[in-house]
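Beneath this line is the structure, given in structure tokens, with notes to follow.
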Amino acid sequence: MSLSHDDVEKIAHLARIKIDDAELETLRTELNNIIGWVEQLSKVDTDGIEPMTSVVGTNLGHRNDSVSEVNLSDKILANAPDRVGDFYAVPKVVE
Amino acid sequence: MSELTRLSISEAACHLESKNISSEELTIAHIEEMERCRDLNAFITETPELALQRAKKSDARRSKGENVGAMDGIPIAIKDLFCTDGVLTTAGSHILDGFKPNYESTISQNLRDAGAVMLGKTNLDEFAMGSANVTSYYGPVKNPWVVNDLKDRVPGGSSGGSAVSVAARLSLGAVGTDTGGSIRQPASFCGIVGLKPTYGRCSRWGTVAFASSLDQAGPMTRSVEDAAIMLQAMAGYDPKDSTSARVETPKFNAELVSGVKGMMIGIPEEYTLDSTSEEIRKLWEQGCQWLESAGASCKRVSLPHTEFALPCYYIIAPAEASSNLARYDGVRYGLRVDGDSLDEMYENTRGEGFGAEVRRRIMIGTYVLSAGYYDAYYVKAQKVRALIAKDFEAAFADVDVILTPTAPTAAFPIGDRMGDPITMYLNDVFTVPASVAGLPAISIPAGLDSLGLPLGLHLIGRAFDEVTLLRTAKALENLADFNASPSKVDS
């Protein structure tokens, strides 16, 4: 499996990362090398093996569904690059 | 160089306890060193005022007989991956420009509660992705070990700044994080002790996430005893981290001086690589002989899936990273680069905000999680991960601790191994398997190579058995009797 120029463009878009055209080819080579290298896993016989999702092996705990902290909007918005009132501001999405 | 900066944490704690010195004096001595050694680039943010405030509070507590333990008044450094209330937190990335959290990570809070004095936030590879501390937006960190060729060497990574702050005596201890070797490999490169606890032992809450099923905080110190002291203050169940383990926190120094008599040490045959230097192989054999001379027995064990641990890690870690780093979108914190639409703003922000290595890993992660490839790559890697964990389980039926080298080489010059990302990944070949299996592991400085650079030995323990791991490490430390210090310190 080898990634084409279009594949890399598509991945960059899925990841929402702008890549310059000049950089895309270098990235394509690097990604193909890495993908080619990790593909050695196909040599491992994993028939009947359950995928391991967590090393701790415990079930996630439950907590009470109760309010612990209230009205933190100023704290939460303190680092926002742009805000309007109690909201984050972003470029216009709906015309 | 002040005598105060040469103390270990346990020695400093004794002096503080007997009021020979104050935390303020100790803290000032370290602030001076931190400022003197700025060329090492170990710190991204220095917090001397905060440190002095906390040191004075510690002294006040002590004068009222209220001291809260062995870490009270001890100046330490914190990797800039931990959110610290009101203090710039960058993760070594441009994308977190100006981010000042208004909360404290559990780990740094636990240390604050224990009275530790934060000197500053240390440099690291961007988002902890790297093995040489060369991917930081804030520039590379220099290893304080300078040998005859006078080349600037890497400190290892990703906790390179933390390792350097401890090795160069800028702090008595430092907090690092380890996802695939990021505490242990820089510890080895800088001639210090670095402990990655069992996954779940230390809370991840408030730590900037890289790969959530692997990330674990741990202490970096100049002695095994100090590592036990520091871990004691850091560890414990945290309801705010759903993967934090609900297990009792033992006294980590309970068996520190019990020795290794009668213990069985495993030597994994698959860790013999062609790329490992002859000197490191010899040191590994020497480590074995040392432990045998102290009454332990060494036994060959097999971890058959070792060679697949690194490729397995380089699917799982980027997959988790691509998902964790989706939050950096220019909306809630950090950098925003404008665009005509929301999507364009996201793409511009992330394109400019992330460095090359982070971009590569996000894209690999995005690819292996994408429709059509998920089973072939991600699920496959999770299955291989299960096999790697089983290998260790089988080995630990016969042995108490496993001994390996920490890294296949000593520290290399800044700028080397930059051509191909995979060459850099191979640094972590000995540390990644324990990470994949979630096991505790520690690197101990054990010798110098022919150039005079430090080399580490690596011990892996059973899950949640840091007590036995530290006990073995202490014995190995005594036997190796490593007392060299970097030229930066001798000057």
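Throughout, a chain's letter reflects where its sequence line sits, starting with A, and its residues are numbered from 1. Given the structure is predicted, the values throughout are model-derived calculations rather than measurements.
In this structure, a donor-acceptor pair under 3.5 Å is absent between the side chains of B:S435 and B:K196. Using a 3.5 Å distance cut-off with no hydrogens or angles, the side chains of B:S93 and B:E126 do pair a donor with an acceptor. Donor-acceptor pairing under 3.5 Å is recorded for the side chains of B:Y377 and A:E39. Judged by distance alone, the side chains of B:S131 and B:N427 never bring a donor and an acceptor atom under 3.5 Å apart. One side chain, B:N324 or B:S212, offers a donor N or O that lies under 3.5 Å from an acceptor on the other. Checking B:Q382 against A:T53 by side-chain atom types alone, no donor-acceptor pair falls below 3.5 Å.
Taking each heavy atom of B:I364 and B:P318 in turn, the nearest pair found is CG2-CB, 3.9 Å.
Going from atom OG1 of B:T84 over to atom CD of B:E104 covers 6.0 Å, rounded to the nearest 0.5 Å. Atom OG of residue A:S4 and atom CD of residue A:E9 lie 9.0 Å apart, to the nearest 0.5 angstrom.
B:I422 touches chain A through its side chain: at least one heavy atom from C-beta onward sits under 4.5 Å away, while N, CA, C and O do not. Neither the backbone nor the side chain of A:D20 has a heavy atom closer than 4.5 Å to any heavy atom of chain B. Both the backbone and the side chain of B:M363 come within less than 4.5 Å of a heavy atom in chain A. Contacts of A:T29 with chain B are absent, with no heavy-atom separation under 4.5 Å from either backbone or side chain. Contact annotation for A:L27: only side-chain heavy atoms (C-beta onward) come within less than 4.5 Å of a heavy atom of chain B. With a 4.5 Å cut-off on non-hydrogen atoms, A:L41 touches chain B through its backbone and its side chain both. Neither the backbone nor the side chain of B:E344 comes within contact range of chain A; no heavy atoms are under 4.5 Å apart. When heavy atoms are compared at a cutoff of 4.5 Å, A:E50 approaches chain B solely by way of its backbone atoms N, CA, C and O. Only the side chain of A:V93 comes within contact range of chain B, judged by heavy atoms closer than 4.5 Å. Neither the backbone nor the side chain of B:Y103 comes within less than 4.5 Å of any heavy atom of chain A. With a 4.5 Å cut-off on non-hydrogen atoms, B:V436 touches chain A through its backbone but not through its side chain. Heavy atoms of B:L214 lying under 4.5 Å from chain A are absent altogether. The contact between B:A381 and chain A is made by backbone and side chain atoms together, counting heavy-atom distances below 4.5 Å. With a 4.5 angstrom heavy-atom cutoff, B:P101 touches chain A only via backbone atoms. Heavy atoms closer than 4.5 Å to chain A are found in the backbone of B:S341, but not in its side chain.
Heavy-atom pairs under 4.5 Å with chain A were tallied for B:Y333, B:Y378, B:F354; the largest tally goes to B:Y333. Among A:L14, A:N33, A:I49, the residue making the largest number of heavy-atom pairs under 4.5 Å with chain B is A:I49. Note on B:A356, B:P239, B:A386: by heavy-atom pairs under 4.5 Å with chain A, the leading option is B:A386. When each of B:F464, B:Y314, B:Y313 is checked for heavy-atom pairs under 4.5 Å with chain A, B:Y314 comes out on top. Ranked by heavy-atom pairs under 4.5 Å with chain A, the first of B:D343, B:L335, B:N102 is B:N102. Each of B:R332, B:E307, B:R385 has some count of heavy-atom pairs under 4.5 Å with chain A, and the biggest count is that of B:R332. The candidate from A:K92, A:K10, A:E23 with the greatest count of non-hydrogen atom pairs under 4.5 Å with chain B is A:E23. Of the listed residues B:M345, B:H305, B:R336, the one with more heavy-atom pairs under 4.5 angstrom with chain A than any other is B:R336.
Under a 4.0 Å N-O distance rule, the pair A:R28/A:E25 qualifies as a salt bridge. Taking a cutoff of 4.0 Å between a charged side-chain nitrogen and a carboxylate oxygen, A:R83 and A:D74 qualify as a salt bridge.
Side-chain rings of B:Y328 and B:F127 approach one another, their centers coming within less than 6.0 Å.
The aromatic rings of B:F396 and B:F392 lie parallel to each other, with less than 30° between the two planes, well short of the 60° mark.
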Checklist entry - Do B:E393 and B:K390 pass the salt bridge (Lys or Arg N to Asp or Glu O under 4.0 Å) test, and can you show the C-alpha distance, the side-chain angles, and the key distance before you say yes or no? => result CA-CA 5 Å; B:E393 226 171 274; B:K390 277 193 183 137; over 6 Å; no
